[in-house]
Amino acid sequence: MEMSPEDFEDLVSDELDRLPEDMLAGLDNVVFVVEDEPEDGSDLFGVYDGIAATERGQYGFGELPDRIVVFRNAHLAECGTEDELRDEVHTTLVHEIGHFYGIDDDRLHELGWA
């Protein structure tokens, strides 16, 4: 599947808007970023780069924001239609937000978000 970087960013933004408000309300000092692919060349769909809410002590003032990165190329390589792409981006966002809240990969698998 092909999609311009701008259109993909718009799709990610749309999917963020579709997430439940209570899922997003607890996100503190987190930015969402779209990149083409991970620097290490892996085939990840996304990554949470930060300190999980369950592991934070005093946090906030002067801290760089945590990042949730969605990788465009892996999504486009996996999906054949825009509907599939939207579903996969949605799953990636929920998965990475789950990491922010301290949910590990095993539990995310159990919940169907991996």
Side-chain angles (χ1 to χ4, degrees):
M1 178 170 188
E2 293 186 26
M3 180 178 280
S4 73
E6 297 81 14
D7 288 343
F8 186 81
E9 285 185 25
D10 288 344
L11 185 142
V12 170
S13 180
D14 289 346
E15 290 307 309
L16 271 170
D17 289 343
R18 289 186 171 107
L19 293 174
E21 183 59 36
D22 58 343
M23 180 182 289
L24 300 174
L27 295 178
D28 183 34
N29 204 28
V30 177
V31 296
F32 290 84
V33 179
V34 172
E35 295 180 1
D36 282 338
E37 56 193 36
E39 290 180 12
D40 65 3
S42 64
D43 60 354
L44 295 173
F45 287 105
V47 68
Y48 168 67
D49 180 21
I51 300 169
T54 55
E55 298 177 14
R56 293 179 183 192
Q58 186 174 2
Y59 182 81
F61 184 72
E63 302 284 339
L64 290 175
D66 291 358
R67 296 180 344 134
I68 291 177
V69 184
V70 177
F71 297 112
R72 185 174 77 91
N73 290 345
H75 281 89
L76 295 178
E78 182 70 21
C79 301
T81 67
E82 186 170 324
D83 286 341
E84 289 175 357
L85 182 61
R86 286 186 177 282
D87 287 346
E88 194 61 51
V89 167
H90 183 90
T91 299
T92 299
L93 290 170
V94 171
H95 181 99
E96 301 310 333
I97 291 169
H99 285 317
F100 168 85
Y101 287 115
I103 303 171
D104 66 17
D105 281 332
D106 290 339
R107 182 67 178 134
L108 287 166
H109 264 291
E110 290 172 14
L111 296 170
W113 294 110

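The analysis underlying the following values was restricted to heavy atoms, covering all of them including side chains, and did not include hydrogens, waters or symmetry mates.
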Short side-chain donor-acceptor distance under 3.5 Å, T81 and D83: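 Note: D83 and T81 side chains miss the donor-acceptor criterion.
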
Between H95 and D105: side-chain donor-acceptor atoms closer than 3.5 Å: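 Indeed, the side chains of H95 and D105 share at least one donor-acceptor pair under 3.5 Å.
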
Rounded distance [0.5 Å steps], [atom1] in [X] versus [atom2] in [Y]:
X: E96; Y: I103; atom1: CD; atom2: CD1; value: 11.5 Å
X: D104; Y: H109; atom1: CG; atom2: NE2; value: 10.0 Å
X: E82; Y: D87; atom1: CD; atom2: CG; value: 11.0 Å

Over all heavy atoms of both residues, which pair between [X] and [Y] is shortest? Give the atoms and the distance, please.
X: M1; Y: G80; value: SD-C, 4.2 Å
X: Y101; Y: D22; value: OH-O, 4.3 Å
X: F45; Y: H75; value: O-CE1, 3.0 Å

So do the side chains of [X] and [Y] get within less than 4.5 Å of each other, counting heavy atoms only?
X: E9; Y: V70; answer: no
X: D36; Y: F8; answer: no
X: N29; Y: P65; answer: yes
X: L108; Y: V94; answer: no

Geometric class of the Y48/F100 ring pair [parallel <30°, tilted 30-60°, perpendicular >60°]: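 F100 vs Y48 ring planes: perpendicular.
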
Test: R67 and E35 ion pair at under 4.0 Å: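 Salt bridge: yes.
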
Pair M3-L76, side-chain contact (heavy atoms from CB on, under 4.5 Å): steps then yes or no: CA-CA 8 Å; M3 180 178 280; L76 295 178; 3.9 Å; yes

Connected-component partners of V33 among ILVMFWY, side-chain separation under 4.5 Å: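 Besides V33, the hydrophobic cluster comprises V31, L44, V47, V69, F71, listed by chain and residue number.
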
D43, CG atom: more than 12 neighbouring heavy atoms under 6.0 Å: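 Counting other residues, nucleotides and ligands, CG of D43 stays at 12 neighbours or fewer.
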
Could you pull out all donor-acceptor pairs under 3.5 Å where a side-chain atom in residues 11-21 meets a protein atom, sequence neighbours excluded?
| residue | atom | partner | partner atom | Å |
| --- | --- | --- | --- | --- |
| E15 | OE2 | R18 | NH1 | 2.9 |
| E15 | OE2 | R86 | NH1 | 3.0 |

